[in-house]
Every structure is written in structure tokens, then in C-alpha cells.
Amino acid sequence: MPEVRVHVASKVGLHARPAALVARLAAEQPVTVTIRKDGGEPVPAASVLNLMTLGAMRGDEVILAAEGELAQASLDRVAALIASDMDGE
């Protein structure tokens, strides 16, 4: 199962607007993308509530995983968003 490690770039972490953006993009993928912090249990990344309960703050590393034919491309898309400035100032 492919995994991608990425650091959260948003100033507020994966909370509120950034969580909604990530959840929406994850839900659009053809495979189920999961997210976890190191040592934690993976949760579906398509859920805003799951993302917010991770407690991932700016600079924290999260691990994305997915299975299936288009897993790597899906992980790369979601990882690129998490690594970007989603604060929209």
C-alpha cells in the first residue's frame, strides 16, 4: 500500500477551512485515502471531522495511504494540497 508523508503547511493546521478543502479533494479521488499521524490509527481523509480530530497543526507530519490502481496519483494530489498554503489570505 503506497504511503506519502507530508508536513501540514496551513497556519491553522488541518482545522476549519483547510480540513474542508482536504476532505473535499480526498472524496473526489477514485480510491479511499486515509490519513494518520505517526503512531496513530488511519482515518478516512474525506471526513472533515476525522481531519479535525487528528489535531494536526502547522509543521506536523501526517501520513497518507491508499490502495488501488490510482492510489499514488490520488495520494500525490492530496499531499500537494496539505503541503500548500490553504489559508487564502
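We number each residue from 1, following the sequence as shown.
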- request: Look at the side-chain heavy atoms of Ile, Leu, Val, Met, Phe, Trp and Tyr, link any pair under 4.5 Å apart, and say whether Val48 and Leu21 land in one connected group.
  value: no
- request: Please check if the side chain of Thr53 supplies one atom and the backbone of Asn50 the other of a donor-acceptor pair under 3.5 Å.
  value: yes
- request: Verify the cluster assignment for Ile63 and Met52: are they in a single hydrophobic cluster under the rule of side-chain heavy atoms below 4.5 Å apart?
  value: no
message: Under the rule for side-chain contact (heavy atoms from CB on, under 4.5 Å), what residues qualify as partners of Pro2, not counting sequence neighbours?
response: Ala71, Gln72, Leu75
statement: Sorted by chain and residue number, the side-chain hydrogen bond (donor to acceptor under 3.5 Å, both in side chains) partners of Glu3 (sequence neighbours excluded) come out as Arg36
- prompt: Rounded to the nearest 0.5 Å, how far apart are CD of Glu67 and OG of Ser74?
  reply: 12.5 Å
- prompt: In the hydrophobic clustering (ILVMFWY, side-chain contacts below 4.5 Å, transitive), which residues join Val12, or is it alone?
  reply: none
task: Taking all heavy atoms of Met1 and all of Ala66, pick out the closest pair and write down the distance.
output: CG-O, 3.1 Å
query: Can you find a heavy atom in the side chain of Val62 that is under 4.5 Å from one in the side chain of Ile82?
result: yes
- line: Correct closest heavy-atom pair for Gly13 and Pro18 would be O-CB, 3.5 Å
For Arg58, all residues meeting side-chain hydrogen bond (donor to acceptor under 3.5 Å, both in side chains), sequence neighbours excluded: none
field: Any residue meeting side-chain hydrogen bond (donor to acceptor under 3.5 Å, both in side chains) with Glu28, in chain and number order, not counting sequence neighbours
entry: none
field: Residues forming a side-chain contact (heavy atoms from CB on, under 4.5 Å) with Ser84, sequence neighbours excluded
entry: Leu81, Met86
statement: Between Leu51 and Ala19 the two heavy atoms that sit nearest each other are CD1-O, 3.2 Å
message: Rounded to the nearest 0.5 Å, what separates atom CE in Met57 from atom NZ in Lys11?
response: 13.0 Å
- request: Please name the pair of heavy atoms, one in Val78 and one in Ala26, separated by the smallest distance, quoted to 0.1 Å.
  value: CG2-CA, 4.1 Å
message: Working note: Thr34 + Val43, criterion side-chain contact (heavy atoms from CB on, under 4.5 Å); need CA distance, chi angles, decisive distance, verdict.
response: CA-CA 5 Å; Thr34 63; Val43 296; over 6 Å; no
task: Determine the minimum heavy-atom distance between Val8 and Ala56, stating which atoms define it.
output: CG2-CB, 4.1 Å
- request: First locate atom OG of Ser10, then atom CG of Asp60, and finally report the distance between them rounded to the nearest 0.5 Å.
  value: 11.5 Å
field: Atom pair CD1 (Ile35) and CD (Glu41), whose distance is rounded to the nearest 0.5 Å
entry: 14.0 Å
